[in-house]
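All values below come from the heavy atoms of this structure, side chains included, with hydrogens, waters and symmetry mates left out.
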Amino acid sequence: MKLPRNSYKIVFILLMFLAFSWQSKATSGDPIIPEVHIGDELIINAPEHLNFQGIQLPKRNFLLKQGQIPNYKSLYGKKVKVIEIVEKEGYTEITLSAADGKNFFKHHKTLKANLQSSFTANELRQF
């Protein structure tokens, strides 16, 4: 039995609609945020955007006033250790120190980060 030409278009459009709706469900899932404990080691990744979203870094003008060259790229791939976890309203704040014991920018021993937004933006990953 042969279908009319118009019904092939309808079937094709229906199949395309189903394919796009299935694809949107596959990509709309929430990112998995791992459970982090004090003493865990994490790695700082390069940010997907221009600046870091979840890690609170010192501002460029403060680094310049301290006589340092603000080079945030030196953090890429650096191993950090979680030394404090604080539950705040709506998010979890973690305090990070360098795993090798050195300071981040000469004078900064620790950095603070929003756990959920830094893992969502792929700025931190587990070691």
Side-chain angles (χ1 to χ4, degrees):
M1 177 173 152
K2 190 169 184 174
L3 296 173
R5 184 170 177 86
N6 207 9
S7 63
Y8 285 117
K9 290 179 185 179
I10 293 171
V11 170
F12 177 73
I13 291 172
L14 181 65
L15 288 174
M16 293 302 289
F17 175 75
L18 290 174
F20 284 120
S21 65
W22 176 75
Q23 182 182 5
S24 68
K25 284 183 182 179
T27 59
S28 68
D30 292 332
I32 297 172
I33 298 171
E35 191 172 327
V36 177
H37 303 287
I38 294 176
D40 286 355
E41 288 191 350
L42 305 172
I43 295 178
I44 298 176
N45 292 329
E48 293 177 353
H49 305 289
L50 186 61
N51 297 321
F52 284 96
Q53 304 293 319
I55 302 174
Q56 299 171 7
L57 298 174
K59 294 187 178 182
R60 297 176 67 86
N61 61 337
F62 291 127
L63 293 175
L64 288 170
K65 285 180 182 179
Q66 294 172 350
Q68 302 171 28
I69 298 172
N71 183 12
Y72 296 128
K73 290 183 181 180
S74 65
L75 296 175
Y76 300 170
K78 190 168 188 117
K79 282 202 295 189
V80 293
K81 187 181 287 189
V82 178
I83 59 171
E84 186 181 18
I85 301 173
V86 178
E87 295 287 333
K88 300 228 175 168
E89 288 185 26
Y91 68 96
T92 305
E93 184 179 78
I94 57 175
T95 305
L96 307 169
S97 68
D100 57 4
K102 296 181 181 178
N103 293 345
F104 290 104
F105 300 101
K106 286 187 184 176
H107 305 291
H108 297 276
K109 293 183 180 183
T110 61
L111 295 175
K112 293 191 182 258
N114 182 330
L115 180 67
Q116 289 82 6
S117 65
S118 60
F119 271 99
T120 303
N122 200 23
E123 296 170 359
L124 288 175
R125 66 177 168 94
Q126 286 189 320
F127 178 65

Inset, instruction - Apply the test side-chain contact (heavy atoms from CB on, under 4.5 Å) to residues Ile83 and Thr110: give CA-CA distance (whole Å), side-chain angles for both, the deciding distance (0.1 Å), then the verdict. - result: CA-CA 9 Å; Ile83 59 171; Thr110 61; 3.6 Å; yes
Legend entry - 4.5 Å side-chain heavy-atom contact, Phe104 and Ser74: no
Inset, instruction - Check whether any side-chain N or O of Asn103 sits under 3.5 Å from a backbone N or O of Phe105 as a donor-acceptor pair, and report yes or no. - result: no
Legend entry - Minimum heavy-atom distance Asp100-Lys78, with the two atoms named: OD2-NZ, 4.3 Å
Legend entry - Value rounded to 0.5 Å, distance of NE2 in His108 from CD in Gln68: 6.0 Å
Legend entry - side-chain contact (heavy atoms from CB on, under 4.5 Å) between Leu57 and Leu75, intermediate numbers included: CA-CA 10 Å; Leu57 298 174; Leu75 296 175; 3.5 Å; yes
Inset, instruction - Report, as yes or no, whether the 6.0 Å neighbourhood of atom CZ on Phe62 holds more than 12 heavy atoms from other residues, nucleotides or ligands. - result: no
Legend entry - Minimum side-chain heavy-atom gap Glu123-Asn45 below 4.5 Å: no
Inset, instruction - Determine whether Ser117 and Tyr91 make a side-chain contact, defined as any pair of heavy atoms from C-beta on separated by less than 4.5 Å. - result: no
Legend entry - Side chains of Thr92 and Glu87, donor plus acceptor under 3.5 Å: yes
Inset, instruction - Measure across Gln126 and Glu35 and return the closest heavy-atom pair with its distance rounded to 0.1 Å. - result: NE2-O, 3.6 Å
Inset, instruction - Output, in order, the C-alpha distance, side-chain angles, deciding distance and verdict of side-chain contact (heavy atoms from CB on, under 4.5 Å) for Leu124 and Ile44. - result: CA-CA 5 Å; Leu124 288 175; Ile44 298 176; 3.8 Å; yes
Inset, instruction - Could you give me the CA-CA distance, side-chain angles and deciding distance for Lys88 and Val86, then say whether side-chain contact (heavy atoms from CB on, under 4.5 Å) is met? - result: CA-CA 6 Å; Lys88 300 228 175 168; Val86 178; 4.0 Å; yes
Legend entry - Heavy-atom side-chain contact between Ser97 and Val80 under 4.5 Å: no
Legend entry - Any side-chain heavy-atom pair of Leu42 and Ser118 under 4.5 Å: no
Inset, instruction - Flag the pair Tyr72 / Ile55 as yes when at least one side-chain heavy-atom distance between them is below 4.5 Å, and no otherwise. - result: no
Inset, instruction - Evaluate the side-chain proximity of Gln53 to Glu48: yes if any heavy-atom separation is below 4.5 Å, no if none is. - result: no
Inset, instruction - Check whether more than 12 heavy atoms from other residues, nucleotides or ligands sit under 6.0 Å from atom CG of Leu14, and answer yes or no. - result: yes
Legend entry - Side chains of Val36 and Leu115 in contact at under 4.5 Å (non-hydrogen atoms): yes
Legend entry - Reported NZ-to-CG distance for the pair Lys81 and Leu96, which is rounded to 0.5 angstrom: 12.0 Å
Inset, instruction - Could you tell me the separation between the NE2 atom of His107 and the CD atom of Gln66, rounded to the nearest 0.5 Å? - result: 5.0 Å
Inset, instruction - Rounded to the nearest 0.5 Å, what's the gap from CG on Asn114 to CZ on Phe119? Could you check? - result: 11.0 Å
Legend entry - Shortest non-hydrogen contact between Ile85 and Ile38, atoms and distance: CD1-N, 3.8 Å
Legend entry - Glu41 side chain to Ala99 backbone, donor-acceptor under 3.5 Å: no
